[in-house]
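Below, all heavy atoms of this structure are taken into account, side chains as well, without hydrogens, waters or symmetry copies. Whatever order the structure lists ligands and atoms in, that order sets their numbers, starting from 1.
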Amino acid sequence: MNVFIIGIGGGVGVRLARQLTARGNRVDGLVRQAAKRDELAAEGIATTPGDLVAMSVAELAEAMRGNDAIVFTAGAGGRDGPEATDQVDGEGPGKLAAAAELAGIRRFVLVSVFPEAWRERRMNEDFEHYMVAKKHAETQLVLTALDWVILRPSALRNEPGAGTVDLGLAKVHEEIRRDDVAVTIAELLRQPTVNRVILEVTGGTTPIEGAVAAMKP
Ligand SMILES: NC(=O)c1ccc[n+]([C@@H]2O[C@H](COP(=O)([O-])OP(=O)(O)OC[C@H]3O[C@@H](n4cnc5c(N)ncnc54)[C@H](OP(=O)(O)O)[C@@H]3O)[C@@H](O)[C@H]2O)c1
């Protein structure tokens with residue numbers, strides 16, 4: 001399978017690229033900076049220079065054409081203010097979905113964010129803005145005719161993966177390791193019948209392959 005990853009140089013993205021490559025898939029994805037492209041190339045990960053915000057829908061479609069699936073795991077990370085959050089986290093997935101339709105790519109996995117169940121904790125204004133943007137992005141994807149899966153992970157950690165998760169329709173969120181999110185996405189891509197569903201994932205004790213297989217209708 002050929003998979004195009006938006007955010008391929010990011011925390012989850014690079015882990016997913018490694019996972020998919022190790023499983024015999026081909027990956028590609030947009031990277032903005034040449035230095036990051038060199039870094040990824042050094043470990044055998046091919047990328048395409050590009051910026052989701054700067055590119056048009058037609059340019060994105062051209063960059064992605066020939067792939068079997070798209071994964072959106074990009075994010076402005078709150079580093080460049082609310083406008084960047086709107087452009088990347090909020091409008092990015094919908095724009096990419098339009099490009100996917102143009103390129104004839106049906107499978108689309110969106111990495112979203114944990115929902116209300118975690119949010120009794122007090123959050124600052126920027127964080128609330130991010131949550132609104134992510135919710136907007138989910139809505140944009142749900143409104144398409146694509147074969148989408150929205151995956152809502154807990155707060156992400158960089159410790160090595162446990163190989164186990166708690167995956168389902170509604171979870172109480174704590175934390176999850178980026179490695180485990182990446183493996184969950186790789187497994188979701190292997191299960192095309194898990195489709196048009198919003199799943200939540202947090203750290204847990206179920207082996208990932210079985211956790212994803214249990215989501216099959
Ligand atoms: N952090 C958390 O605790 C948390 C919790 C739940 C969900 N999430 C979601 O999980 C996903 C992965 O998070 P992460 O922390 O692993 O990501 P990350 O390390 O912050 O990486 C984000 C990636 O997005 C890319 N990106 C940003 N703007 C872009 C643009 N205009 N065009 C192309 N690429 C662009 C970045 O590229 P550059 O390298 O060029 O900057 C980077 O590779 C995100 O969607 C995030 O919203 C995060």
How far is atom 32 (N) of ligand 1 from its nearest protein heavy atom, and which residue and atom name does that atom have?
Leu52 N, 2.9 Å
Distance to 0.1 Å, residue and atom name: give those for the protein heavy atom nearest to atom 31 (N) of ligand 1.
Asp51 OD1, 2.8 Å
Heavy-atom nearest neighbour of atom 27 (C) of ligand 1 within options Gly29, Gly75, Ala155, Ala76:
Gly75
How far is atom 21 (O) of ligand 1 from its nearest protein heavy atom, and which residue and atom is that?
Gly10 CA, 3.3 Å
Ligand-residue contact atoms, ligand 1 with Val53, heavy atoms, under 4.0 Å
31 (N)
Could you list the atoms of ligand 1 found under 4.0 angstrom from a heavy atom of Pro153?
6 (C), 7 (C)
Looking at Arg15 and Asp179, is any side-chain nitrogen of the basic one under 4.0 Å from a carboxylate oxygen of the acidic one?
yes
Ranked by distance from atom 45 (O) of ligand 1, the top protein heavy atom is Ala74 O, 2.7 Å
In residues 35-44, what donor-acceptor pairs under 3.5 Å come from side-chain atoms, sequence neighbours left out?
residue	atom	partner	partner atom	Å
Lys36	NZ	Gly9	O	3.2
Arg37	NE	Thr47	OG1	2.8
Arg37	NH2	Thr47	O	2.6
Glu43	OE1	Arg18	NE	2.8
Glu43	OE2	Arg18	NH2	3.0

Under 3.5 Å, is there a donor-acceptor pair between the Asp86 and His129 side chains?
yes
Which atoms from ligand 1 have a heavy atom of Val88 less than 4.0 Å away?
28 (N), 31 (N)
Output the distance between atom CD (Gln140) and atom CG (Leu110), rounded to the nearest 0.5 Å.
11.0 Å
Listed by chain and number, what are the side chain to side chain donor-acceptor pair (under 3.5 Å) partners of Glu83, not counting sequence neighbours?
none
Decide salt bridge (Lys or Arg N to Asp or Glu O under 4.0 Å) for Asp166 and Lys171; before the verdict, give the C-alpha distance in whole Å, the side-chain angles of both, and the deciding distance to 0.1 Å.
CA-CA 8 Å; Asp166 185 6; Lys171 295 294 167 190; 2.9 Å; yes
Just let me know how Gln33 lines up against ligand 1, side chain, backbone, both or neither, with a heavy-atom cut-off below 4.0 Å.
neither
Quick check: do Val31 and Thr48 have side-chain heavy atoms less than 4.5 Å from each other?
no
Report the part of Ala84 (side chain from C-beta onward, or backbone N, CA, C, O) that has a heavy atom under 4.0 Å from ligand 1; answer both or neither where that applies.
neither
Taking the basic N atoms (NZ, or NE/NH1/NH2) and the acidic carboxylate oxygens, is any pair closer than 4.0 Å for Glu174 and Arg157?
no
Residue, atom name and distance, where the atom is the protein heavy atom closest to atom 40 (O) of ligand 1
Arg32 NE, 3.0 Å
Of Leu30, Val201, Ile8, Leu156, the residue with the heavy atom nearest atom 4 (C) of ligand 1 is Leu156
Enumerate the atoms of ligand 1 whose separation from the nearest heavy atom of Val111 is less than 4.0 angstrom.
10 (O), 11 (C), 45 (O)
Identity and separation of the nearest protein heavy atom to atom 47 (O) of ligand 1:
Tyr130 OH, 2.6 Å
Do Val109 and Leu52 sit in the same hydrophobic cluster, where Ile, Leu, Val, Met, Phe, Trp and Tyr count as joined when their side-chain heavy atoms come under 4.5 Å apart?
no
Within ligand 1, which atoms have a heavy atom of Arg79 less than 4.0 Å away?
20 (O)
What is the closest protein heavy atom to atom 19 (O) of ligand 1, and at what distance does it sit?
Gly11 N, 2.8 Å
Take every heavy atom of Ala54, measure it against each atom of ligand 1, and state whether any distance is under 4.0 Å.
no
Atom 12 (C) of ligand 1 - nearest protein heavy atom and its distance:
Thr73 OG1, 3.2 Å
If you count the atoms of ligand 1 from 1 in the order shown, which ones are under 4.0 Å from a heavy atom of Arg178?
1 (N), 14 (P), 15 (O), 16 (O)
Residue Ser154 vicinity, atoms of ligand 1 by number, heavy atom under 4.0 Å:
5 (C), 6 (C)
On a heavy-atom basis, which atom in Lys95 and which in Val53 lie closest, and how many Å separate them?
NZ-O, 3.0 Å
Examine Val181 and Ile8 and state if one hydrophobic cluster contains both, with Ile, Leu, Val, Met, Phe, Trp and Tyr joined whenever side-chain heavy atoms are less than 4.5 Å apart.
yes
Assess whether a salt bridge exists between Glu138 and Arg152, defined as any Lys/Arg side-chain N lying under 4.0 Å from an Asp/Glu carboxylate O.
yes
Answer with yes or no whether Arg152 contacts ligand 1, where contact means a heavy atom under 4.0 Å from a ligand atom.
no
Can you label the angle between the Phe114 ring and the Phe127 ring as parallel, tilted or perpendicular, going by 30° and 60°?
parallel
